Structure formats: structure tokens, C-alpha cells
Enquirer: 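Sharing a structure with you now.
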Amino acid sequence: MPKCQFIRPYDMRRRGRLEFEPIPLNQYSKTVKDELGSFTKDQLVAIARDMEIIRAFETMLNEVKLRGNWKGVEYNHRGPAHLSIGQEAAAVGQAFLLGVDDHIYGSHRSHGEILAKGLSAIRKIDDAPLVAIMKGYFDGACLKVVEKDASGGVKDLAVDFLVYGAMAEIFGREAGFNKGMGGSMHAFFPPFGIYPNNAVVGGSADIAVGAALHKHVNHKPGIVIANIGDASAGCGPVWEAICFATMDQFKELWDKDHRGGLPLIFNFVNNFYGMGGQPVGETMGFKVLARLGAGVNPSQMHAERVDGFNPLAVIDAVRRKKEILERREGPVLLDTVTYRFSGHSPSDASSYREKAEIEAWQGVDPTVCYPEALVGAGVATRAEMEEIRARCEDLVLKAFRKAVDAAVSPRADLRKEGCLLDRTMFSNAKIAVMEPGRKPEVLIPKKENPRLKQLAGRSRSAFDAAGKRLPKTRCIGIRDAIFEAVLDRFYEEAALVAYGEENRDWGGAFGVYRGLTESLPYHRLFNAPISEGAIVGTAVGYALEGGRALVELMYCDFLGRAGDEVFNQLSKWQSMSGGLLRMPVVVRISVGSKYGAQHSQDWTAVCAHIPGLKVVYPATPYDAKGLMYSALLATDPVIFLESQQTYDQPELFVKGGVPAGAYEIPIGEPDVKRAGGDLTVVTVGPTLYRALDAAAILETKYGVSCEVIDARSVVPFNYDKVIASVNKTRRILLASDACERGSAPQTMAARITELAFDSLDAPPVVIGARNWITPPAELEDTFFPQPADFLDAVHEHVTRLPGYAPARKADASTLRKRSALGL
Ligand SMILES: Cc1ncc(C[n+]2csc(CCOP(=O)(O)OP(=O)(O)O)c2C)c(N)n1
Ligand SMILES: [Mg+2]
């Protein structure tokens with residue numbers, strides 16, 4: 001789309017041939033002896049030790065799962081354990097060169113990566129900061145457990161801390177790295193550069209891209225590694241992540257200071273199996289995973305295959321890949337060949353593979369071959385290696401005894417009101433600037449923004465000074481109000497970025513961002529590929545690293561394309577981290593109309609159903625601006641719904657209209673838009689206006705005075721105003737444009753029944769769209785609730801309206817029949 005890129009028919013239609021470069025496979029050929037000049041003996045031995053710790057750790061879990069006992073200590077671990085026995089060299093080789101600023105994101109099978117990265121970090125951090133990290137982490141809760149019987153120096157203590165912290169997390173203990181709320185598949189420890197591991201296959205791919213984006217945009221040190229399995233190559237979000245990470249614009253359009261590729265390694269931990277399915281030869285067609293980089297950009301992602309059974313080969317590969325990333329030529333792809341001797345999980349009997357195959361790989365076991373190579377090169381004696389192995393087992397046993405002891409390592413009490421999860425579902429903080437003192441990068445002073453200048457000529461209210469209604473084109477509408485809040489935040493918060501489809505020059509599909517391009521450099525506002533999953537997933541990664549992201553899904557109906565990212569990632573990491581992480585992400589989602597069945601659904605309730613998401617749906621410009629400003633100050637994920645029916649809606653309710661300056665509206669507070677005494681009407685989203693039309697008819701024609709309350713937010717939601725209104729009116733009707741079944745008003749109706757049963761003269765009545773697909777634009781008024789539907793519902797279920805003939809059957813027997821038909 002950028003005008004500077006002219007697409008010439010001559011070039012595009014010219015005959016030619018596209019050439020691919022050869023892809024290196026296992027090119028590393030050095031021996032330990034060859035490497036003696038590059039590594040100290042201590043380093044070479046440390047590599048063996050780290051592999052032994054992982055092996056002992058995973059063996060313990062395997063035994064516990066299979067036999068409920070390890071080394072005489074009994075324990076029943078109910079949760080999962082996806083073990084990486086056999087994969088130790090891949091993890092240790094990767095971690096060896098990484099610094100604390102290098103961040104890894106992993107999978108369900110990442111215990112080894114956690115330990116390897118932690119052990120590597122401990123070697124690199126000086127004693128004083130190491131102590132500070134341990135003391136500062138959740139007020140030293142984990143440290144307190146391990147320091148009691150500590151022996152040796154700070155580094156030894158830190159190793160105990162790491163092994164115990166990871167293990168206690170796996171066993172769901174409150175002293176674990178994530179207070180026991182992450183567990184085996186999600187454990188992580190950011191101070192050592194160990195970022196969330198993900199139980200959703202491939203889930204870390206786009207999150208890691210977002211993390212790398214954060215480093216790239218904000219000039220943060222270090223690289224990011226996405227550790228994902230070979231079978232994740234079949235996952236859509238992984239491809240979306242690869243597409244997002246390799247966008248040309250990074251290298252071609254971003255300004256000089258931000259030009260270049262993302263500092264990211266897609267590391268496919270290639271153990272040749274999914275659970276039982278085999279990517280090579282069965283479920284995929286690439287044969288060699290490293291081939292995947294070939295088509296996505298001209299550098300073929302610098303992809304190569306590396307022997308993950310040789311830690312030195314992996315170290316060599318990471319060193320070379322880091323150099324590429326430092327030259328800003330990333331991202332890169334590694335196909336790290338490895339093999340799990342253990343089953344997918346301990347209950348897996350490996351029915352899908354031959355015993356001989358497992359034995360063949362065990363024959364080149366890295367925890368045997370590498371120590372042998374050290375002995376052969378004279379780095380260590382066999383006895384020394386044996387002693388290391390025994391010490392590692394003791395280390396793990398020491399942590400194991402503590403982690404399974406309920407008196408030493410209790411679990412969080414989740415039955416208590418105000419318990420850990422009550423406190424961590426939302427962080428509920430407000431942060432104006434992530435990095436105080438940092439100046440936001442902008443292209444022009446705010447007051448010179450062309451859209452802002454244009455809006456200065458518009459009325460801030462729907463009415464002129466004499467109270468006469470103005471044409472919409474002369475007023476600030478909802479799209480302008482949102483723009484103003486976004487612009488304000490961009491000039492305040494340097495860490496804020498916005499992206500989505502057609503966000504830059506186009507101005508967002510519905511014109512909300514028109515004029516934003518003129519103010520912002522590319523790296524703060526850009527077009528994303530049509531990759532809804534990656535749009536949200538990268539925002540999650542961007543936020544986890546300390547940034548603030550505003551992303552957009554063009555239609556609510558496309559939420560399904562970002563399902564995992566919204567429902568499992570965005571919503572869950574704050575609480576899965578035990579309250580350690582924050583998720584300052586606003587997802588703008590436009591709710592359509594006129595475009596038929598796949599472009600016109602209101603899925604507010606789908607989002608509201610997911611714990612951990614805040615959900616707002618403003619219907620007026622005043623509310624839209626204030627809520628957007630609040631959302632962009634918040635530290636929680638906010639689903640910000642906007643109706644395409646009302647983008648040009650001017651302000652009818654607030655005297656003086658929409659303030660030109662910034663202001664906040666608290667998320668979760670409904671607002672009375674019309675006072676009344678006979679019937680409470682609660683609306684979600686643009687249904688407000690049809691409810692007001694109905695209220696006017698009810699008042700003038702039938703003398704029924706309605707109090708109309710605009711929910712504004714769905715999660716959280718303060719019921720006080722609604723209950724106060726019901727106490728007065730004794731009757732309530734709730735409405736939205738979402739299909740009625742399972743809608744947000746249905747949930748509210750159930751809660752209001754619980755909270756105000758004694759005040760109600762009749763059960764709450766809910767109206768919504770028919771439980772149909774959305775028909776074409778010309779028939780939409782048969783679908784979305786219209787004023788007549790309100791009157792029908794009032795007449796049938798609230799109070800008989802004298803002389804009223806229902807437009808459509810809405811009586812109890814019709815509702816029963818329709819329910820029985822699934823309608
Ligand atoms: C999206 C999703 N689909 C399916 C699963 C169930 N599952 C867990 S692990 C796994 C196999 C993953 O294989 P791979 O990505 O190669 O990782 P590995 O287990 O080999 O480490 C499957 C299918 C899941 N967790 N997430
Ligand atoms: Mg695999």
C-alpha cells in the first residue's frame with residue numbers, strides 16, 4: 001500500500017527463475033579437542049552438569065508419574081509431565097551463550113529449557129544481583145524454602161532455588177515460580193530471561209514475535225527464542241507468526257533507527273513426533289523442517305538443521321544465529337534435531353514407534369556421549385563425571401523432598417474470599433508511562449495533526465448552541481472520539497504501538513485512525529498481515545515484555561481467527577503468572593452490520609465468558625473517548641467493542657459534548673442515559689438508541705416511563721445503579737444486538753434475579769437478535785432488535801399496553817416453541 005512502492009507490470013510479468021540457496025544440514029564437525037581453545041574446561045564440564053540436572057529432574061518426574069515414588073520418597077503428582085529425557089543437549093546448547101536479556105518462550109515440554117536457561121543465567125549474574133533477584137521474587141517466598149539448609153556459595157543457593165522453584169511450580173505449590181498457578185506446562189521465571197511456556201502447541205510462536213518486536217521497537221538488548229515443537233509446524237498461528245516476523249516493512253519501510261529484522265530465533269525442537277503423529281512421513285510434507293524458511297523471505301530465514309544431540313553443535317549454531325540477529329538480518333530458523341526417549345507423557349506406551357528406534361537414539365544419548373567425549377579429550381576423568389551425576393541427583397532429591405512436603409510447600413488456598421486468583425485475574429493498575437522520562441517518538445507536534453485540526457471545526461455535541469440537532473457530518477462522532485483518545489495516549493506513552501490490518505495509510509478499515517499516520521513513525525503504527533491470531537498474539541508478547549499494545553480486529557466475526565490468542569493467551573497470563581505479569585493490551589474489535597452472516601455478529605458474550613478479559617462496549621462518543629483513554633492507561637487486557645452502526649454517532653447526552661482534552665471513564669460503571677420510574681431498560685452497545693426510541697414511544701403513547709441504562713462495560717460490571725433502578729421500577733428489560741441465547745444481557749438478567757429478586761414484580765426480560773445468522777442488510781431489521789421488539793416484549797412480559805398489537809409473536813408459548821427448535 002505505501003505509495004513509495006511502485007509496482008511495475010514490466011517487472012512483475014518478466015520471464016525468469018527463482019533460485020533458492022542450499023540449506024545447511026548438521027554442518028558442525030568439531031570435536032571437543034577442537035573446541036579446547038574456545039571453551040574453558042570448567043565451561044565444558046558445566047555443559048555436562050547442566051544436562052545431568054535436567055536428566056535427573058525429568059527422571060524423577062517420570063518415576064513419580066509411573067510409580068508414585070522416587071528414591072524412596074512417595075508422591076502422587078496429579079498434573080501433567082511432558083518430559084524431555086533425551087533432549088537435554090538441545091536445551092543446554094541453546095542456553096549456554098544466552099544472557100539474561102535473551103528471552104526464551106517455550107512449549108509444554110520446556111522443563112529442560114527452563115533449567116538450562118536458569119543455570120546459564122546463574123553463571124552470568126554476579127552474586128549480589130543474584131541474591132537481590134531471589135530475595136525480591138514474590139518477597140523471597142521461594143528463597144525462604146531453599147535457604148534453610150543451604151550449603152555452599154550464592155551460586156549453589158541459586159541452583160537450589162532454580163530447581164526447587166521450577167519443581168514446586170510443577171507440583172502446584174505457592175512457593176513455586178508462578179505461585180503454583182502455571183504448573184508444568186507454563187512455568188517460567190523472567191529474571192533469568194525465562195518467559196512463559198505454553199500448553200497450546202505453537203502458542204509461543206506469535207508471542208515470541210511480539211517479544212522480539214518489543215526489543216526491536218524499543219531498542220532493548222537481547223534476542224528472543226521461540227522454542228516450539230516440530231509438529232507445531234502445522235499450526236496456523238505458527239505460520240502467522242513467521243509471516244508477521246518476516247514482513248518486508250521492517251527492512252524496507254521503517255526509519256533508519258528501526259530498520260532491520262527482528263531479533264528472533266524460531267527454534268523448532270525437532271524430536272520427530274507430535275504425540276504419536278509423525279510430521280516427517282505422515283502429517284506434514286516438508287521432510288526436512290529447515291525447508292520451511294525457504295519460501296517466506298529472500299534470506300530463507302537463514303534456516304539450517306543442527307544436531308541437537310551435540311551441545312557444542314547447538315552452541316555453535318546459536319552463536320552464528322546471534323550474529324545474524326545482531327546485524328539486524330533476522331529472524332532466523334533452526335531445525336534442532338533431537339529425540340525424546342520418554343513418551344509424550346509418562347502414560348504414553350509409545351505404541352507408535354519401534355523399541356529399536358528408541359534404542360538407536362539411546363545409543364547416542366547426549367548424557368553419555370558428551371561426558372565420554374570430555375573424558376576422551378582429557379577435560380575430565382570418568383570418576384569426576386560420575387561424581388557430577390551423583391551430585392545432580394542429590395540436588396534434585398533435596399528439592400523434591402521439599403516440594404512434595406505440604407508443610408514446607410503449601411498450595412494456595414483458593415477457597416478463601418480474596419484468594420490468590422481473586423487478586424490476580426486482573427492487575428487493576430494504572431500506568432501512564434511504562435518508562436518514565438522516555439519521550440514518545442512522533443513525527444509532528446500534536447496540535448499540527450491534520451485530523452485534529454479538522455475536528456477543531458466540528459461541534460463537540462450533537463446540538464448547536466440553541467439546542468438544535470446538527471447534521472452528523474458537522475459533529476464529532478464515535479470514530480473521532482476514539483481517535484482523540486488514541487492520539488492523546490500516543491503523545492504521552494512512548495511504549496505504545498498500534499497495528500492491525502489496513503491501520504496505517506488507510507486509517508483503519510472504518511477511519512478511526514485517519515490522520516494517525518501523519519503523527520506516527522512506522523514502528524509505532526503499522527499494517528499487519530491478515531493474521532488475526534498473530535495480531536493478538538504478538539500484542540501479548542509485546543505487553544509481556546513491558547510494552548503497551550493497541551491492536552485491531554476488523555470485524556468481530558474474525559475473533560475466531562484469533563481464538564487461542566484472545567481466549568487462552570491474552571486472558572490468562574496475568575493469573576497464570578501468579579500476578580507477576582501484566583497485560584496492557586487493548587484489542588479494538590469492530591462489530592459489523594450490513595455485510596451479512598460472517599461480518600455482523602456481536603460476540604461480546606463470547607469475550608465476557610472468558611475469565612481475565614475486560615470487555616467494554618461504548619455507545620456514545622463521550623463514553624468511547626473516556627473508556628478508550630482508561631483502557632490505554634490500564635494494565636489489563638481490554639476487549640474494546642465498537643459498532644459500525646454508530647461510528648458517526650454524535651454526543652447526545654453530555655452537556656457541552658465530548659471534551660477536547662483527555663479524561664477517564666472507569667471501566668465497569670454503567671450510565672443512566674434516560675431517567676424513568678416504571679421500567680428499567682439496560683442496553684449493551686448500539687441497541688441503546690433503539691431502546692431510547694422505544695422508551696419515547698412507551699412514554700408518549702402508553703405512559704410507561706423507562707429508565708434507560710447503558711451498560712458501557714460488561715466485564716467488570718457494577719450492578720449498583722441497575723439494582724437501585726430496579727428497586728424503583730420493579731421491572732427490567734435488557735437488550736443487545738447479540739443473538740439472544742447466551743448473550744451478555746442474559747447473564748446480567750440471571751444475576752439481577754439473584755440480587756434483586758424481592759424487588760422484582762416480574763422476571764427480567766431479555767431481547768436480542770434472533771438466534772439466526774445475520775441476514776443481508778436489507779433484512780437486518782428483522783434480526784437486530786428494533787423499537788417494535790421492545791414494545792412486543794413489554795406488552796407480553798412486563799405490562800399490557802392498551803390497544804397494542806404485537807408486531808411479532810413474543811409470548812411465552814412462542815418462546816418455548818422456538819427454544820425447542822433451537823431458535
Ligand atoms: C493447539 C493444540 N492442539 C493439540 C494439543 C495436544 N498436544 C499436546 S502436545 C502435542 C504434540 C506436540 O508436538 P510437538 O509440537 O512436536 O511438540 P513435542 O510434544 O514433540 O515436544 C499435542 C497434539 C495442544 N496442546 N494444543
Ligand atoms: Mg515433536
Side-chain angles (χ1 to χ4, degrees), residues 54 58 61-62 65 79-91 94 104-116 182-187 196-208 225-242 266-290 292 305-306 308-309 333-353 357-358 361 533-534 536-537 540 560-569 572 576:
I54 299 173
E58 298 286 70
L61 281 169
N62 199 39
K65 284 298 287 183
H82 300 97
L83 307 177
S84 55
I85 297 174
Q87 301 187 182
E88 297 85 355
Q94 173 182 106
I104 59 166
Y105 288 76
S107 75
H108 56 287
R109 198 180 302 290
S110 282
H111 301 163
E113 289 145 23
I114 297 170
L115 295 174
S184 162
M185 298 193 281
H186 313 111
N197 294 300
N198 217 302
V200 178
V201 171
S204 277
D206 49 18
I207 293 177
I225 301 184
N227 284 313
I228 48 182
D230 51 321
S232 81
C235 299
V238 172
W239 280 99
E240 289 195 3
I242 289 175
F266 285 102
N267 182 52
F268 285 89
V269 184
N270 185 359
N271 60 14
F272 297 92
Y273 286 95
M275 286 170 62
Q278 269 176 284
V280 175
E282 187 183 23
T283 63
M284 302 290 286
F286 49 63
K287 295 285 186 215
V288 176
L289 201 149
L292 294 186
R305 164 170 284 185
V306 57
F309 259 39
L333 186 153
L334 275 178
D335 166 5
T336 304
V337 167
T338 184
Y339 194 84
R340 58 168 163 78
F341 304 156
S342 40
H344 164 69
S345 56
S347 59
D348 163 15
S350 288
S351 56
Y352 48 87
R353 54 181 178 173
E357 180 184 285
I358 303 174
W361 285 90
V536 179
V540 169
R561 280 280 177 99
D564 179 58
E565 287 74 7
V566 175
F567 304 144
N568 276 316
Q569 311 295 345
K572 293 183 180 168
M576 281 206 293

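Computed from a predicted model, the values in this text were never measured in an experiment. Atoms within a ligand are numbered from 1 in the order they appear, just like the ligands themselves.
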Enquirer: Say whether, by atom type as modelled, one donor and one acceptor occur between the side chain of E565 and the main chain of V536 under 3.5 angstrom.
Expert: no

Enquirer: Atom 16 (O) of ligand 1: which protein heavy atom is closest, and how many Å away?
Expert: D230 OD1, 2.7 Å

Enquirer: Determine whether a donor-acceptor pair (N or O, by modelled atom type, separation under 3.5 Å) exists between the side chain of S204 and the backbone of G106.
Expert: yes

Enquirer: With rounding to 10 degrees, what does the angle D230:OD1 / the Mg ion (ligand 2) / Y273:O come to?
Expert: 110°

Enquirer: Nearest protein heavy atom to atom 6 (C) of ligand 1, by residue and atom, and its distance?
Expert: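 For atom 6 (C) of ligand 1, the nearest protein heavy atom is M275 SD, 4.1 Å.
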
Enquirer: Is there a donor-acceptor contact under 3.5 Å from the side chain of K65 to the main chain of G79?
Expert: yes

Enquirer: Does D335 use its side chain to pair, donor to acceptor, with the backbone of R305 at less than 3.5 Å?
Expert: no

Enquirer: Closest heavy-atom contact between P279 and F272?
Expert: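 For P279 and F272, the tightest heavy-atom pair comes out as CD-O, 3.7 Å.
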
Enquirer: Looking at R340 and I85, would you say the former's side chain and the latter's main chain have a donor-acceptor pair under 3.5 Å?
Expert: no

Enquirer: Using the ring pair (Phe, Tyr, Trp, His ring centres under 6.0 Å) definition, which of the options H186, H111, H344 pairs with H82?
Expert: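 The passing option is H344.
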
Enquirer: Determine yes or no for a side-chain-to-main-chain donor-acceptor pair under 3.5 angstrom, with W239 supplying the side chain and A233 the backbone.
Expert: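 Side chain of W239 to backbone of A233: a pair is present.
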
Enquirer: Which of the numbered atoms in ligand 1 are under 4.0 angstrom from any heavy atom belonging to A199?
Expert: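 Answer, ordered by atom number: 24 (C), 25 (N).
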
Enquirer: Mark up the atoms of ligand 1 that fall under 4.0 Å of a heavy atom belonging to A231, in ascending order.
Expert: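 Taking each heavy atom of A231 in turn, ligand 1 has 13 (O), 14 (P), 15 (O), 16 (O) under 4.0 Å.
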
Enquirer: How far is atom 13 (O) of ligand 1 from the closest protein heavy atom, and which atom is that?
Expert: G274 CA, 3.2 Å

Enquirer: Please confirm if an N, O or S atom belonging to S232, backbone or side chain, lies less than 2.8 Å from the Mg ion (ligand 2).
Expert: no

Enquirer: So, regarding N271 and ligand 1 (criterion: nitrogen or oxygen to nitrogen or oxygen, under 3.5 Å), is there a contact or not?
Expert: yes

Enquirer: From the Mg ion (ligand 2) out to just under 2.8 Å, does an N/O/S atom of N271 turn up?
Expert: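 Yes.
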
Enquirer: Which one of L289, V238, V201, N227 has a non-hydrogen atom at the shortest distance from atom 5 (C) of ligand 1?
Expert: V201

Enquirer: I want to confirm something. Looking only at heavy atoms, which of G229, A233, G202, G236 is nearest to atom 15 (O) of ligand 1?
Expert: G229

Enquirer: Going by the order shown, which atoms of ligand 1 are within less than 4.0 Å of some heavy atom of R109?
Expert: 18 (P), 19 (O), 21 (O)

Enquirer: Heavy-atom pairs closer than 4.0 Å: do any link ligand 1 to the side chain of H82, the backbone, both, or neither?
Expert: neither

Enquirer: Quiz question: by atom type and distance under 3.5 Å, do the side chains of Q94 and N227 form a donor-acceptor pair?
Expert: yes

Enquirer: Before signing off on this row, confirm whether H108 and ligand 1 have an N or O atom pair separated by under 3.5 Å.
Expert: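 Yes, H108 has an N/O under 3.5 Å of an N/O on ligand 1.
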
Enquirer: Below 30° counts as parallel, above 60° as perpendicular, anything between as tilted: where do the rings of Y352 and Y273 land?
Expert: tilted

Enquirer: Please write down residue, atom name and distance for the protein heavy atom closest to atom 1 (C) of ligand 1.
Expert: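 In this structure, atom 1 (C) of ligand 1 has V200 CG1, 3.7 Å as its nearest protein heavy atom.
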
